[in-house]
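To keep things clear, I will list the structure first and then write my remarks on it.
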Amino acid sequence: MGDKNKSKKVTYSYTTLNELRPNTKADVFGVVKFIKPPYKSRGSDYCTMISITDSSMTGMDDKLKCLLFAKEESMLPSPDVGDIVRFHRLSVSMFRDSLQGQSSPGFAWLVFSGRQKQPVEPKTSSSPTYSFTDSDKDKIRELRSWASKNDEFKENLCSFNDVATGCYFDIYCQVVSTSVIEAGVGRLLRVWDATQCLYNVREVSADSQLEDTQTDEQVHKRARGFIYDVSVFDDHFKSSSHIKPGDYVKFINLHASEWKDNNRSHRPAIEFCLHRGNSFGRCVRVVSADLPDLISLKQRQEIVALDNESFSVTGINSQTAVGNSSGNSQAVAGNRSGSNDRDDVETDVDNHVQYFSHATAQGDKNSVSEKRDNVESNWGKNNMVEDVIVISFQSQEASSLELGDKIDGTKATKPVTDKIRYVESQASSSKAGDTRGADKVRQAGDTRGADKVRQVGKGIATENQRYIFKRAAVSNARAEMTVNSNEKKADQRRCMVQTSTVVLDHPHVNCSQISAVLSHAVPYKFRVRAKMLDFHPKPDSAKTFLQLYCHVCHYLCPYPEKDTIQNGSTVPRLQIGSTFQNVPHFNCPQCFEGKDSLPALDSPPHLKYIFMLRFILSDETGMLMANIWKEDAVQLFQDMQPEDLLRKESNIEIVRDYLNRICPPNTALCDKPWIEGCLRSFHNACGTVYQMFDTFIV
DNA sequence: GATTAGGGTTTG
C-alpha cells in the first residue's frame, strides 16, 4: 500500500547501501545481483531473496541480501538479474555477521528494467500507486549507467542455435508440451524458440505410467521440426507445475550438458537440463506473452509456422518431428518436413539462380573504382576493400531473392552477439578426433596453415585445457578461455562450436546473423556462422573451375576451351605467352588490343589463374550470396594455388574434398556442417556484394 | 500474531 496517500507529503531520502546501519529502516535503490524466485514458506507467507548492490559497495560487502515475505506470491518482486529495485521501509539488521534487509510493515517495492534504453518507469510495483519523482528517474539512469559497465548484470540470452556442449545459458522459448519424467523429481518441458540446435539433442522419455502429457496441438503443429526436450529437476519440478503448453517461459542457467549417445557416438549430442537448486539464479518461469523480449522469437515462429502450415496443406507429412535427429530418429529426420529440412530450398536455388556469368572487362574496371577504405570497427588496419568480383545475374535472380526474403523475415537490426559462457568441461570431453583438422593441414604438406591455426590457439589455451587447445585448432578458434576457475565469473566466454571452416586472426569479433548482415550499412565487415546451400562452379575439372585474370587491366575470362575460341565471339582468342611446368600462360588480350607495341612492357602481361567461387550461405535468419576469389580463395583451400590444379590433375580431387567438406552433396541443409567465415560488404555497379575473406577450411 | 528463511560456482 504504502505510498498512495503520502506521495505528496513525504519526500524520501535514499541511503546508499554502504551507509546502512543495523536495526534501522531505510529507503534504498539497488541493482539486482541475485534472485531466489518466490516460494511458499513453511509459515504463512511466500518468501523470496533478492541481493542488491550499488556503486557504493566494495570488497566483502558487495551486496545486501534482502529477505522478503508477502501473503501472496504476486505481492513479491520478481526482477531479473540486472534490473533495478527501489525498496521503501526496508528493515536492516545483522545476520551472521552481515547486514541483511527484510520486509517489514509498510514495505513497498518498485522494479525497473536495468536496460539503458528502456523507459525509466517501473515495470512492476507492490502497489498500483506510488511516489515517483524526477529525482527517482535520475537515480535509475545513474544506476543503469553504472550497471552497464559491469558484466555481472548482463544476461546470457541465447537461442538454441547458439548453444554448444557444456554451456549454461538463458533462453526464452514457448512450451509445446509438459509431462512428468519422475513424479516429484523430474519434469519434461518440450519447447521451441524457432531456431535449431547444432547438435543432436536428447529426446527424453516421460513416465508412461503417468499418462499426464499435456500438449498444445496448435503450437505443436507450428513448431514441428524445432522442438527440443528440456528436463527440469527437484525444486524446479515443483516450481514448473503450473506451466502450461502454450506458455512463454524463460530459463535461467539452463545446461547444454554433454550426452553420451551410445547409438550415435560419432556425433556430439547434448541434453538440456535445469539442474536442482537456484545458484546462478537458476530457474524457469512463465513470462508475459507481451514481453518485448519475445518479439524476435515470435517473428521467427511465424516464419517457421508458415512453412509448417504450407507443408500441411500439401499433405507431405504431418508426422511429428522433434528438432533433433538423435537416437532412433534417423528415419524421422529423413521424413520430416518443415523448415528445418531445406532440401526444398536447395532445389529452388539450383533451379532459379544463374550463379555466375563472368565479368566483362568493363565491369571489372568499374568494380575497381569502387575501392573503399572506410570500413570501420575492430578489424585491424587493413580495411581496404580489394578488387571485387562483378557478377551479373539473369532475371531468375528475383526468384531466389523472394525465397531469401521469406527466410529473412526476422529483419534483425543488429548483429546478435554470442554471449554463451563457456564452462570448463571435464578432460574426458576431449576426443581423439579433435586434432584431425590440424593433422590434415600437415598432411597436405603445407605447414603454414597449421602454424596459423596454432597461432590462433596460442593466446587462448592454458595448461589445464589442452583439449580445448586442440579443439580450438579445429573448430572456430574463437573461444576465450580462462586460466582457472577463479576467473570464471568475470569472463564472458564463448562456446566453441565445431565448424568446417575457421576464421583466422579475428578472435574477438562476434558473429552476425545473415539478416543483420543484409540490413547493415555498407561497406562493413562481419563474422558469420552459416550453412552452405550451394556453391559454384563445381570442381569438375581444373579448366572449368579456374578463371583467368589480368592484374593490369582487370580483364577476366574463363579458361579458353578450344571450341569456345572457334565458335564464340565473346571470348577472344588467347595467345600463349609462355609455358612453364606444362602450364600455359596466356597474354592478356585487352592489354595488347589495338597496340602494336606496349611501352613500358616488354610483352603483354600474362593472365593469372585464379579461383573464383560463389557460395550461397544460409542461417535461420536469411540467405546471402558471398563471393570468394584470388588470395582469399587460396587461403580457404589451405594455400592450394590455382596452377597446382593444372600442374597435377589429381589436385582437383583435393579441392573437391574441401568443398564437399563444407557443402556435402546430397545432404539436407540441416545436416550440413556449419561454416564460419568473414564477409565484407561493398557496393558496386550490381548493388551490394559480399566477399568472403580470412577463412580457412579445416 | 508470530512464523516463515537467512544464496554460494552447477552436471540427472
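Values in this document were obtained by computation on a predicted structure and should not be read as measured data. Within every chain, numbering begins at 1; the chains are lettered A, B, ... in the order of the sequence lines, protein sequences first and strands thereafter.
Take A/Asp136 and apply the salt bridge (Lys or Arg N to Asp or Glu O under 4.0 Å) test, not counting sequence neighbours, and it matches A/Arg86.
Distance CG (A/Asp97) to P (B/dG7): 13 Å, rounded to an integer number of Å. If you take OH of A/Tyr46 and C1' of B/dG6, they are 20 Å apart, rounded to a whole angstrom. Rounded to whole angstrom, the span from the CZ atom of A/Phe272 across to the P atom of B/dT11 amounts to 18 Å. To the nearest angstrom, P of B/dG6 lies 14 Å from CG of A/Asp45. One can place OH of A/Tyr39 at 13 Å from C1' of B/dT3, the figure rounded to the nearest angstrom. Separating the CD1 atom of A/Ile270 from the P atom of B/dT11 is a distance of 18 Å, rounded to the nearest angstrom. Between the CG atom of A/Leu90 and the P atom of B/dG6 there is a distance of 16 Å, rounded to whole Å. Put simply, CZ on A/Phe95 is 15 Å from P on B/dT3, counting in whole angstrom units.
Which of B/dT3, B/dG8, B/dA5 sits closest to the side chain of A/Ser41 comes down to B/dA5. For A/Met49, the listed nucleotide lying nearest its side chain is B/dG7; candidates were B/dT10, B/dG7, B/dG12. You'll find that the side chain of A/Phe69 is closest to B/dT4, out of B/dT11, B/dT4, B/dA2. Nearest nucleotide to the side chain of A/Arg96, out of B/dA5, B/dG7, B/dG12: B/dG7. Distances from the side chain of A/Arg276 to the nucleotides B/dT10, B/dG12, B/dG8 place B/dG12 closest.
Here side-chain hydrogen bond (donor to acceptor under 3.5 Å, both in side chains) pairs that include residues 18-27 of chain A, with residues two or more places apart or in two chains, are A/Thr16-A/Asn18, A/Thr16-A/Glu19, A/Asn18-A/Ser56, A/Lys25-A/Ser104.
Within the 4.0 angstrom heavy-atom criterion, no nucleotide atom of any strand lies near A/Glu182.
At a cut-off of 3.5 angstrom, counting only N and O atoms as typed in the model, there is no donor on one side facing an acceptor on the other between the side-chain of A/Ser44 and the base of B/dT4. For B/dG7, the base has a donor-acceptor partner in the side chain of A/Ser51 [N/O atoms by modelled type, under 3.5 angstrom]. One donor-acceptor pair, N or O on each side, does fall under 3.5 Å between the base of B/dT11 and the side chain of A/His255.
Evaluation of A/Phe280 against the base of B/dT9 yields no stacking contact (centre distance < 5.5 Å, interplanar angle < 30° required). In this structure, A/Phe233 forms an aromatic stack with the base of B/dG12, since both conditions hold: centre separation below 5.5 Å and plane angle below 30°.
Position along DNA chain B of the nearest nucleotide to A/Glu271 versus A/Gly281 favours A/Gly281 as the more 5'-ward residue.
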Requested in this report: List the steps, then state whether side-chain contact (heavy atoms from CB on, under 4.5 Å) holds for A/Phe272 with A/Val201.
Outcome: CA-CA 8 Å; A/Phe272 294 120; A/Val201 179; 3.6 Å; yes
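Under a 4.0 Å N-O distance rule, the pair A/Lys250/A/Asp80 qualifies as a salt bridge. One finds no salt bridge joining A/Arg300 and A/Glu620 here, because no Lys/Arg side-chain nitrogen approaches an Asp/Glu carboxylate oxygen to under 4.0 Å.
A cation-pi arrangement is found for A/Lys298 relative to A/Tyr248, the charged atom lying closer than 6.0 Å to the ring centre and inside a 45° cone about the ring normal.
In terms of phosphate contacts, A/Lys65 brings no side-chain nitrogen or oxygen within less than 4.0 Å of OP1 or OP2 of B/dG6. Phosphate proximity of B/dA5 to A/Arg42: present, with a side-chain N or O under 4.0 Å from OP1 or OP2. OP1 or OP2 of B/dG6 has at least one side-chain nitrogen or oxygen of A/Lys36 nearer than 4.0 Å.
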